[in-house]
Amino acid sequence: FFTVVHDPKAPFVVHAGRAVATDVGTRFDVRAYPEDSTVRVAVDEGQVALSTDSTRPIALVSGEAATMSRGGETAVDRGVENIGAWTTGRLELHNTPAREAVRALARWYDVDLRLGDSSLAAVPLTASFRDEPVDEVLHIVAVTLGARVRWSGRTVILVRRSKEH
């Protein structure tokens, strides 16, 4: 999460994967992990120009987030809230596909969390967590996804709940 005082003579630039985020006086967040196939840039205040080395910049303003694939394809979401929530100890998931949500939860709670059923991958999850114990969070996530939690050592697997349960 960056808070930047814009200086047109010395722009602040973040390189993450193929994404290049250039401030235009702003507060913004960049999420890029080596194991992810995308980079996400979200603007809390001001404006950011997002591009790759080979694409024209896209202007993102307050409340917008862009997700860029490794190939440079970009999708923009508008009306994004709580962009810097993690800086105050909150994990916010808003209509997040389960495949992305489990990665965020695994990082947040330091567990090896996996989907045991690929049919759960696209199920959207909306939730906010702060200090809840991991067992409670996993129960909430499982109920929301129509799944059950299966522990195997440090690994947690979310498996679709069968219809007879």
Margin query: Between Thr22 and Val48, is there a side-chain heavy-atom distance shorter than 4.5 Å?
Written below: no

Residues passing the ring-ring contact (aromatic ring centres under 6.0 Å, His included) test with Tyr109, sequence neighbours excluded, are none

Taking every heavy atom of Ser119 against every heavy atom of Asp117, the minimum-distance pair comes out as OG-OD1, 2.6 Å

message: Between Asp112 and Arg114, does any side-chain N to carboxylate O distance fall below 4.0 Å?
response: yes

Contacts of Tyr33 meeting ring-ring contact (aromatic ring centres under 6.0 Å, His included) (sequence neighbours excluded), chain-then-number -> none

Margin query: For His6, is the NE2 atom crowded, meaning more than 12 foreign heavy atoms sit under 6.0 Å from it?
Written below: yes

For Gly71 and Arg18, the nearest pair of non-hydrogen atoms, with its separation, is O-NH1, 3.0 Å

*Could you tell me whether the side chain of Leu60 reaches within less than 4.5 Å of the side chain of Val76, counting heavy atoms only?*
yes

The reported gap from CZ in Arg31 to CZ in Arg103 (rounded to nearest 0.5 angstrom) is 8.0 Å

OG1 of Thr126 to CG of Asn95, rounded to nearest 0.5 Å, is 5.0 Å

query = Does one side chain, of Arg27 or Ser62, offer a donor that lies under 3.5 Å from an acceptor on the other?
reply = no

Next item on the list: Find out whether Val30 and Phe2 are in side-chain contact, i.e. whether some heavy atom of one side chain is under 4.5 Å from a heavy atom of the other.
Entry: yes

Transitively linked via ILVMFWY side-chain contacts under 4.5 Å: Val159 with Val134? no

(request) Tell me, with the steps shown, if Gln47 and Glu64 meet side-chain contact (heavy atoms from CB on, under 4.5 Å). (result) CA-CA 9 Å; Gln47 185 176 342; Glu64 293 184 334; over 6 Å; no

* Asked: Glu132 versus Leu138: any side-chain heavy-atom pair under 4.5 Å?
  -> no

Any side-chain to backbone donor/acceptor pair from Thr55 onto Ser51? Under 3.5 Å, distance only.
no

Note: Arg161 and Ala147 closest approach over all heavy atoms is NH2-O, 3.2 Å

salt_bridge(Glu100, Arg40) N-O dist < 4.0 Å
no

Heavy-atom side-chain proximity of Leu50 to Met68 below 4.5 angstrom: yes

Neighbour count >12 (heavy atoms, 6.0 Å) for atom CZ, Arg130:
yes

Does any part of the side chain of Leu158, heavy atoms only, come nearer than 4.5 Å to the side chain of Val149, both counted from C-beta?
yes

Heavy-atom closest pair (Val61 atom, Val43 atom, distance to 0.1 Å) is O-CB, 3.5 Å

For residues Thr155 and Ser152, is any side-chain donor paired with an opposing acceptor at under 3.5 Å?
no

* Any side-chain heavy atom of Asn82 within less than 4.5 Å of one from Arg90? -> yes

Should Arg70 and Asp36 count as an ion pair when the cut-off is N to O under 4.0 Å?
no

Does Ser54 reach the main-chain N or O of Thr52 with its side chain, forming a donor-acceptor pair under 3.5 Å? no

Residue set satisfying side chain to side chain donor-acceptor pair (under 3.5 Å) with Asp110, at least two apart, ordered chain then number -> Arg154

Heavy-atom nearest pair, Leu125 first then Ala101, reads CD2-CB, 3.8 Å

Between Asp23 and Pro11, the two heavy atoms sitting closest are OD1-C, 4.1 Å

Exercise. Mind running side-chain contact (heavy atoms from CB on, under 4.5 Å) on Asp44 and Phe1 for me, showing each step along the way?
Key: CA-CA 10 Å; Asp44 187 46; Phe1 192 87; 4.1 Å; yes

Should Leu105 and Val137 be marked as a side-chain contact (heavy atoms from CB on, under 4.5 Å) after you check the CA-CA gap, both sets of side-chain angles, and the distance that decides it?
CA-CA 9 Å; Leu105 288 160; Val137 169; 3.8 Å; yes

Practice item. Look only at the side chain of Thr96 and the backbone of His94, and say whether a donor-acceptor pair between them is shorter than 3.5 Å. Key: yes

* Given side chains that start at C-beta, do those of Ile83 and Phe28 come closer than 4.5 Å, heavy atoms only? -> no

Between the CG atom in Asp135 and the CH2 atom in Trp151, the distance rounded to the nearest 0.5 Å is 5.5 Å

Rounding to 0.5 Å, atoms OG1 (Thr88) and CH2 (Trp86) come to a distance of 10.0 Å

Discussion item. Within the 3.5 Å criterion, strictly below it, is a donor on Glu45 or Thr26 matched to an acceptor on the partner's side chain?
Written reply: no

